[in-house]
Colleague: 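Let me begin by handing over the structure; questions about it come next.
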Amino acid sequence: MIVAAGPLPDMSKGQTRMDTLRQTIDIMKNVTEAIRMSGFAGIILNISNPADVITHYIQHQLNWPPRRILSTSTTLDSARLRRALAEATGVDQKSISAYALGEHGESQMVAWSAVTIGGKPLAQLQQERPDTYGKLDLNAIADAGRAGGWIILGGKGSTEFGIGASIAEVVRAIFHDENRILPVSVLLDGQYGQHDVYASVPALLNKDGVADTIELDLTPEEQEKFNASCKTMNENYQLSLTL
């Protein structure tokens, strides 16, 4: 089951995905009740924003098995990040491995220490080739990945093709039992030092849903940014329960 309901952020008012929380929760109260009454017992994939918080809200309201409810979350952001890296390096994005982690939103962070190009760590390439890879502006690339959706939304008013492609990837991995690793939002229970919070991390997906999570060796700075993202999502999740 794919849950896709909620308002788009109003860019004219400077809204973020998180700013739509109250409106989306109002909708989710009816959605969760409908799911409960339907007798559905399968896997739930949520794309309603703010994606990580709403997925946690649905899981809590339905008392759903955590391995059987997830969000596409940064699957799309990671694809946009790889595209930005490809444009900056001239390397086809199919040869780049890179993850945006945490929130599908403003507090997301990039695990630069885990980025590889052609199987080689980006950090090593920067040292070996200071005149090319060493000149990459990683902050600008991360910003480009994060802002990709806003650029598209501002230009045409929707981002249906990007999220559609991400949904297809996740559904294919589950439906065809691919055991594929994708960055999706899952309920963390000790992984990355986090408890009872939905956040996007690399996860192994198959016919059972979330079969496993992969813990990257984040640097202390990356871990701090990931913790801050989780804190933002947890605070908004707690708020969602009061709405």
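If you're wondering where the values come from, they're calculated on a predicted model, not measured in any experiment.
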Colleague: Val3 and Ile25: same hydrophobic cluster, using ILVMFWY side-chain contacts below 4.5 Å?
Modeller: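 They do share one cluster, since a chain of ILVMFWY contacts under 4.5 Å joins Val3 to Ile25.
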Colleague: Any donor-acceptor pair under 3.5 Å linking the side chain of Glu222 with the backbone of Thr219?
Modeller: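 Side chain of Glu222 to backbone of Thr219: a pair is present.
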Colleague: Indicate yes or no for a side-chain donor-acceptor contact from Arg67 to the backbone of Ala211 under 3.5 Å, with no hydrogens or angles considered.
Modeller: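 Flag set: sc Arg67 to bb Ala211 pair under 3.5 Å.
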Colleague: Are Thr24 and Met28 side-chain neighbours, meaning at least one heavy-atom pair lies under 4.5 Å?
Modeller: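 SC-SC contact between Thr24 and Met28 confirmed.
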Colleague: Enter the distance from Asn46:CG to Ile54:CD1 here, rounded to the nearest 0.5 Å.
Modeller: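 Rounded to the nearest 0.5 Å, the CG-CD1 separation comes out at 7.0 Å.
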Colleague: Hey, does Leu70 have a side-chain heavy atom less than 4.5 Å from the side chain of Leu205?
Modeller: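 Heavy-atom side-chain distance check passes, below 4.5 Å.
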Colleague: For the CD atom of Gln23 and the CG atom of Leu21, what is their distance to the nearest 0.5 Å?
Modeller: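 If we round to the nearest 0.5 Å, Gln23:CD and Leu21:CG are 9.5 Å apart.
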Colleague: Indicate the atoms forming the closest heavy-atom contact of Pro66 with Gln59, along with that distance.
Modeller: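 That would be CG-NE2, 3.9 Å.
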Colleague: Quick one: do the Asp52 and Ser73 side chains pair a donor with an acceptor below 3.5 Å?
Modeller: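 Present: a donor and an acceptor within the cut-off.
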Colleague: Does any part of the side chain of Val170, heavy atoms only, come nearer than 4.5 Å to the side chain of Leu182, both counted from C-beta?
Modeller: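 SC-SC contact between Leu182 and Val170 confirmed.
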Colleague: Between Ser166 and Thr75, is the side chain to side chain donor-acceptor pair (under 3.5 Å) condition met? List the steps.
Modeller: CA-CA 6 Å; Ser166 295; Thr75 301; 5.6 Å; no
Colleague: Roughly how far apart are Ser107 OG and Asn236 CG, rounded to 0.5 Å?
Modeller: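 So the OG of Ser107 and the CG of Asn236 are separated by 9.0 Å.
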Colleague: Say whether Ile174 and Leu45 are linked into one hydrophobic cluster, either directly or through other cluster members, by side-chain heavy-atom distances under 4.5 angstrom.
Modeller: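 Yes.
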Colleague: Applying the side-chain contact (heavy atoms from CB on, under 4.5 Å) test to Arg146, which of Gln108, Arg80, Met109 qualifies?
Modeller: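 Of the listed options, the one satisfying the test is Gln108.
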Colleague: Does Glu169 pair with Arg180 as a salt bridge, N-O distance under 4.0 Å?
Modeller: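 So Glu169 pairs with Arg180 through a salt bridge.
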Colleague: Tell me, do Tyr133 and Ile117 make a side-chain contact under 4.5 Å, heavy atoms counted?
Modeller: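 In short, these two side chains touch, coming nearer than 4.5 Å.
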Colleague: Under 6.0 Å between the ring centres of Tyr237 and Tyr57?
Modeller: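 Not under 6.0 Å, so no.
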Colleague: In Å and rounded to the nearest 0.5 Å, what is the CG to NZ distance from Leu125 to Lys120?
Modeller: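 Spacing of CG (Leu125) from NZ (Lys120) equals 6.0 Å.
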Colleague: Hydrophobic clustering (ILVMFWY, side-chain heavy atoms < 4.5 Å, transitive) - are Ile69 and Val31 grouped together?
Modeller: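 Yes, Val31 and Ile69 fall within the same hydrophobic cluster.
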Colleague: What's the separation between atom CG in Leu243 and atom CG in Asp26, rounded to the nearest 0.5 Å?
Modeller: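 CG of Asp26 is found 7.5 Å from CG of Leu243.
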Colleague: Within a strict 4.5 Å, meaning less than it, do heavy atoms of the Thr32 and Met37 side chains meet?
Modeller: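 No - every pair of side-chain heavy atoms lies 4.5 Å or more apart.
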Colleague: Could you tell me whether the side chain of Val197 reaches within less than 4.5 Å of the side chain of Leu187, counting heavy atoms only?
Modeller: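 Not in contact.
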Colleague: Test side chain to side chain donor-acceptor pair (under 3.5 Å) on Gln194 and Asn227; report intermediate values, then the result.
Modeller: CA-CA 8 Å; Gln194 294 293 325; Asn227 292 345; 2.9 Å; yes
Colleague: Would you give the length of the straight line joining atom CD of Glu33 to atom CD of Gln61, rounded to the nearest 0.5 angstrom?
Modeller: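 Glu33 CD to Gln61 CD: 10.0 Å, rounded to 0.5 Å.
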Colleague: Side chains of Ser185 and Ser71: any donor to acceptor distance under 3.5 Å?
Modeller: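 Absent: no donor and acceptor within the cut-off.
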Colleague: Is it the case that one hydrophobic cluster holds both Leu101 and Leu122, taking links as side-chain heavy atoms less than 4.5 Å apart, direct or via other members?
Modeller: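 No, separate clusters.
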Colleague: Please check if any side-chain donor atom of Gln15 sits under 3.5 Å from a side-chain acceptor atom of Thr20, or the reverse.
Modeller: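 No.
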Colleague: Treating Asn179 as the side-chain partner and Asn206 as the backbone partner, does any N or O pair qualify as donor plus acceptor under 3.5 Å?
Modeller: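 A pair under 3.5 Å: no.
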Colleague: Fit a plane to each ring of Phe40 and Trp64, take the angle between them on a 0 to 90° scale, and name the class: parallel (under 30°), tilted (30 to 60°) or perpendicular (over 60°).
Modeller: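 Because their plane-to-plane angle is under 30°, the rings of Phe40 and Trp64 count as parallel.
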Colleague: Go through Thr16 and Asp19 one step at a time and tell me if the side chain to side chain donor-acceptor pair (under 3.5 Å) criterion holds.
Modeller: CA-CA 5 Å; Thr16 67; Asp19 292 327; 3.3 Å; yes
Colleague: Taking Glu215 for its side chain and Tyr192 for its backbone only, find out whether a donor-acceptor pair lies under 3.5 Å.
Modeller: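 Here the side-chain-to-backbone pair exists.
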Colleague: Should Leu81 and Leu216 be counted in the same cluster of Ile, Leu, Val, Met, Phe, Trp and Tyr side chains packed under 4.5 Å apart?
Modeller: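 In one cluster with Leu81: Leu216, no.
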Colleague: Start with the C-alpha gap between Thr213 and Gln191, add the side-chain angles, then the distance that decides, and say whether side chain to side chain donor-acceptor pair (under 3.5 Å) holds.
Modeller: CA-CA 8 Å; Thr213 55; Gln191 302 94 330; 3.2 Å; yes
